[in-house]
2 protein chains.
Amino acid sequence: METDSSPSNSTIYDVAKLAGVSIATVSRVLNGHSHLKDSTRALVLQSVKELQFVPNNAARGLSSGSKRVIGLLFVRTQSEDFLEIVQESLLFTDSVIRGAERAASEQGYSLLLGGVESDRQAETVDRMISMCDGLVLLDRTLSDREVPVIARRVPTVLLAGNGRARSAFTVRVDNAEAMSRIAHHLVLEHARTRLAFLSGFAASPDSQARREGFVRGALECGAVVEDDPLWFSDYTSSGAVQVIERRVATGAPLPQAIACANDQAAIGAIHALKRSGLRVPRDVAVTGFDDISVARHVSPTLTTVHQPVQQLGTTAVQVLLQALQSPKRTIPLSTVLPTTLMLRQSCGCDQ
Amino acid sequence: METDSSPSNSTIYDVAKLAGVSIATVSRVLNGHSHLKDSTRALVLQSVKELQFVPNNAARGLSSGSKRVIGLLFVRTQSEDFLEIVQESLLFTDSVIRGAERAASEQGYSLLLGGVESDRQAETVDRMISMCDGLVLLDRTLSDREVPVIARRVPTVLLAGNGRARSAFTVRVDNAEAMSRIAHHLVLEHARTRLAFLSGFAASPDSQARREGFVRGALECGAVVEDDPLWFSDYTSSGAVQVIERRVATGAPLPQAIACANDQAAIGAIHALKRSGLRVPRDVAVTGFDDISVARHVSPTLTTVHQPVQQLGTTAVQVLLQALQSPKRTIPLSTVLPTTLMLRQSCGCDQ
DNA sequence: TTGTATGCGTTATCAT
DNA sequence: ATGATAACGCATACAA
């Protein structure tokens with residue numbers, strides 16, 4: 001049922017006819033085969049240009065088995081964030097997308113986007129699988145149980161996580177190590193010994209690794225980290241506000257420093273602390289993770305961990321394409337990219 | 001049992017065999033046809049689940065003519081984020097991408113990304129055409145001459161064009177109307193009657209429309225707008241600084257308000273005015289356009305025009321899908337989205 | 001209600 | 001060096 005009212009493109013048959021050769025020859029020219037007479041090649045290319053011929057990618061994929069598309073699955077949030085400032089900032093996912101698109105394009109691949117909403121997860125995942133040669137999964141897109149199932153069906157790279165997954169390739173930064181450095185800094189440079197870690201989703205491998213590293217670093221310096229379910233949140237600014245409000249309401253003295261699982265949460269936390277009449281960093285130091293672009297514009301400027309976000313996307317795609325193109329070669333299961341500690345005002349530095 | 005390590009997915013034939021029906025029946029079940037016995041439908045669905053069957057989208061596209069993919073073409077800058085301008089243009093594009101992806105997903109379509117670099121433009125465009133049912137072109141991705149050529153080959157929506165293109169659908173905001181409102185505000189609320197408009201590139205349709213709207217709005221209120229080539233600049237902060245410096249050097253009394261073609265220019269203008277010992281907004285009010293994220297962080301906070309960026313992406317896709325799904329129905333060639341006046345300190349509000 | 005057979009536009013395997 | 005022709009996996013017109 002072709003409602004083909006408008007731009008019906010020409011096919012390889014049209015080109016062949018115009019050039020007076022067979023479709024096989026046209027195909028060979030298009031795919032850069034050798035053993036072709038220069039004159040016929042020129043003839044074919046001339047016809048291609050004349051007809052504005054572009055190969056039908058669906059047919060190509062069907063025939064060759066390679067669609068030259070890689071898919072990026074990310075979490076699409078349903079609700080808007082109440083802090084416009086965060087909403088408008090260049091977010092993690094956006095940068096990853098940019099990096100991934102660039103890397104894919106460099107190899108002649110295209111990037112297909114798949115925003116996952118919880119209630120239509122299966123539908124989106126299936127659609128992506130059917131359209132892509134391989135997938136990149138951002139953190140929290142799929143549950144730990146589902147990842148192996150997907151990875152068995154299509155080559156998969158996990159972006160983020162702790163690197164322990166054995167079912168798929170992983171590209172990540174060393175979350176734990178970075179947070180350990182933050183803990184050391186807060187204790188040794190700013191003499192904060194009563195600490196807290198504001199977690200992202202409890203199920204997020206990134207958040208888990210960050211928490212684990214922070215706690216370990218703190219203990220190494222003889223500091224303590226509050227251990228209360230209250231500190232588990234959801235990566236959002238509003239979630240962080242709630243945590244702080246509830247914590248303040250307990251009446252107990254606040255920790256001297258709060259490390260947050262990401263920048264959004266940190267910004268929310270600072271907001272809530274200020275509203276409670278507390279000074280940041282004087283009364284409570286706050287740190288983030290990601291180094292989103294607004295981190296240096298908020299007041300106080302945010303001490304955080306810079307991730308090479310675009311490069312995460314780029315690397316994920318490169319790993320995936322390697323796995324796709326040379327399935328036999330052994331590729332490291334886990335790739336770790338370096339982070340940079342950005343010391344700004346919110347920890348007490350750079351006043 | 002046997003573990004199929006290589007992701008070779010099953011086909012409609014496998015499902016048919018397992019269910020004991022023909023592939024036509026399987027296809028019908030998958031595509032929600034009626035006139036199917038409930039028992040057979042159940043049988044097929046059971047087999048689908050058992051085999052984890054996902055239809056091959058390439059085959060589907062080949063057969064049906066619809067790939068259920070729409071493409072988004074945008075300018076991919078070569079250099080990374082060392083220029084603020086680049087950074088902000090990233091934000092715009094990213095938000096559009098988000099909006100577009102959401103709208104596509106809601107209709108069961110996927111969004112394919114195509115970052116265009118000047119030196120490989122044709123390659124990228126051809127790839128996108130071959131893979132997509134329709135395209136969304138961001139402003140400045142392709143030259144005015146090329147757009148009609150593309151639009152003739154595949155349904156196309158122009159995002160943020162000037163609205164005059166007759167070759168493709170256009171989705172944009174009403175620049176002129178927004179600037180007219182700014183003029184009204186400056187005159188009626190802040191009693192500024194001697195005004196100026198700091199233009200972007202003289203050739204920019206956006207800038208032209210904004211200037212035209214501002215002048216019209218001012219005249220409607222009995223105010224005057226300085227008419228001097230001096231006020232034509234280039235959208236940049238440094239360009240705006242130069243304009244202000246030259247204007248101050250003339251010795252003539254400055255206008256009471258300066259509306260700028262975009263936020264970057266406004267920020268530069270404020271900077272230069274302050275350096276000349278003038279107070280903003282007290283001596284000279286300044287306004288911008290775009291509402292970039294730093295607009296609310298500069299001092300004074302910047303009065304400007306907010307564009308619904310995500311919605312631009314959403315709407316572009318919706319228009320495209322309508323054109324795709326009902327080619328016969330007449331669809332407005334141009335869709336205009338509303339802007340919001342963001343009244344902050346630089347015009348004299350919100351002190 | 002269901003099955004059979006054909007076509008979609010390529011690539012790739014044979015031939016020649 | 002080039003030409004026939006068979007897949008590729010699905011949707012659908014036509015039969016039954």
Side-chain angles (χ1 to χ4, degrees), chain A residues 1-4 7-45 47-48 51-69 108 126-127 129-133 153, chain B residues 7-45 47-48 51-69 126-127 129-133:
Chain A
M1 72 159 183
E2 182 106 4
T3 37
D4 180 54
S8 145
N9 290 312
S10 48
T11 75
I12 200 172
Y13 286 94
D14 303 322
V15 177
K17 188 187 297 177
L18 181 59
V21 298
S22 74
I23 61 164
T25 299
V26 176
S27 179
R28 289 185 185 109
V29 171
L30 259 31
N31 293 288
H33 284 213
S34 42
H35 303 299
L36 278 172
K37 214 156 69 184
D38 278 355
S39 58
T40 38
R41 184 195 308 277
L43 197 60
V44 168
L45 289 178
S47 305
V48 165
L51 295 173
Q52 286 191 316
F53 170 72
V54 178
N56 178 313
N57 202 71
R60 215 169 208 176
L62 227 206
S63 180
S64 72
S66 164
K67 313 178 183 67
R68 302 201 71 95
V69 174
D126 280 352
R127 201 174 62 216
I129 288 184
S130 80
M131 306 182 70
C132 305
D133 299 320
R153 297 210 282 165
Chain B
S8 141
N9 290 312
S10 48
T11 74
I12 199 172
Y13 288 93
D14 302 323
V15 177
K17 189 187 298 177
L18 180 58
V21 299
S22 74
I23 62 163
T25 299
V26 175
S27 178
R28 290 184 185 112
V29 171
L30 259 32
N31 293 290
H33 284 213
S34 42
H35 304 298
L36 279 171
K37 214 158 68 183
D38 278 354
S39 57
T40 41
R41 183 195 308 277
L43 198 58
V44 168
L45 289 177
S47 305
V48 165
L51 294 173
Q52 288 190 313
F53 170 72
V54 179
N56 178 313
N57 201 71
R60 212 170 211 176
L62 229 206
S63 179
S64 72
S66 163
K67 314 177 181 70
R68 302 201 70 94
V69 174
D126 280 352
R127 201 174 62 218
I129 288 185
S130 81
M131 305 181 72
C132 304
D133 298 323

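Naming convention: chains lettered A, B, ... in sequence-line order (proteins, then strands); numbering from 1 in each chain. Because the structure is a prediction, the values reported are computed rather than measured. Because only heavy atoms are used, hydrogens play no part in the values below, and waters and symmetry mates are left out as well, while side chains stay in.
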Does B/Ser22 place a side-chain N or O at less than 4.0 Å from the phosphate oxygens OP1/OP2 of C/dT4?
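No, no such contact exists.
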
When you check the phosphate oxygens OP1 and OP2 of C/dT2, does a side-chain N or O of B/Thr40 lie under 4.0 Å from one of them?
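So the side-chain polar atoms of B/Thr40 do come within 4.0 Å of the phosphate oxygens OP1 or OP2 of C/dT2, strictly under.
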
Min side-chain heavy-atom separation A/Met131-A/Val69 under 4.5 Å:
no

Taking C-beta and beyond as the side chain, do B/Val48 and B/Leu30 meet within less than 4.5 Å on heavy atoms?
yes

Could you go over nucleotides 7-9 of chain D and give all protein N or O partners under 3.5 Å, atom names and distances?
residue : atom : partner : partner atom : Å
D/dC8   : O2   : A/Ser63 : N            : 3.4
D/dG9   : N2   : B/Ala59 : O            : 3.3

Rounding to an integer number of Å, can you tell me how far [X] [atom1] sits from [N] [atom2]?
X       : N      : atom1 : atom2 : answer
A/Lys67 : C/dT10 : NZ    : P     : 17 Å
B/Leu36 : D/dA11 : CG    : C1'   : 14 Å
A/Ile23 : D/dG3  : CD1   : P     : 11 Å
A/Leu43 : D/dG3  : CG    : C1'   : 15 Å
A/Asp38 : D/dA1  : CG    : P     : 10 Å
B/His33 : C/dT2  : NE2   : P     : 13 Å

Partners of [X] by side chain to side chain contact (heavy atoms under 4.5 Å, CB included), sequence neighbours excluded?
X       : answer
B/Ser66 : B/Ser64, B/Arg68, B/Tyr109, B/Asp133
B/Lys37 : B/Ser39, B/Thr40
A/Ser47 : A/Val15, A/Leu18, A/Ala19
A/Ser63 : none

Using side chain to side chain donor-acceptor pair (under 3.5 Å) as the criterion, list what pairs up with [X], not counting sequence neighbours.
X        : answer
B/Arg127 : A/Ser110
A/Ser130 : none
A/Asn31  : A/Ser27, A/Arg60

Could you work out how much the helix from C/dT1-D/dA16 to C/dT16-D/dA1 bends, comparing the axis of its first five pairs with that of its last five, to 10°?
40°

To the nearest 0.5 Å, atom CZ of B/Arg28 lies from atom CD1 of B/Ile23 at 10.0 Å

Rounded distance (nearest 0.5 Å) linking atom OG1 of B/Thr11 with atom NZ of B/Lys17:
8.5 Å

With heavy atoms under 4.0 Å as the rule, sort [X] into base, sugar-phosphate or nothing.
X       : answer
B/Val26 : nothing
A/Leu30 : nothing
A/Asn31 : sugar-phosphate
B/Ser27 : base

Distances under 3.5 Å between protein N/O atoms and the N/O atoms of nucleotides 13-16 of chain C, please, pair by pair.
none

I'd like a table of donor-acceptor pairs (distance under 3.5 Å, sequence neighbours excluded) in which one partner is a side-chain atom from residues 51-58 of chain A, with atom names and distances.
residue : atom : partner : partner atom : Å
A/Asn56 : OD1  : A/Ala58 : N            : 2.7
A/Asn56 : OD1  : A/Ala59 : N            : 3.0
A/Asn57 : ND2  : A/Lys67 : O            : 3.3

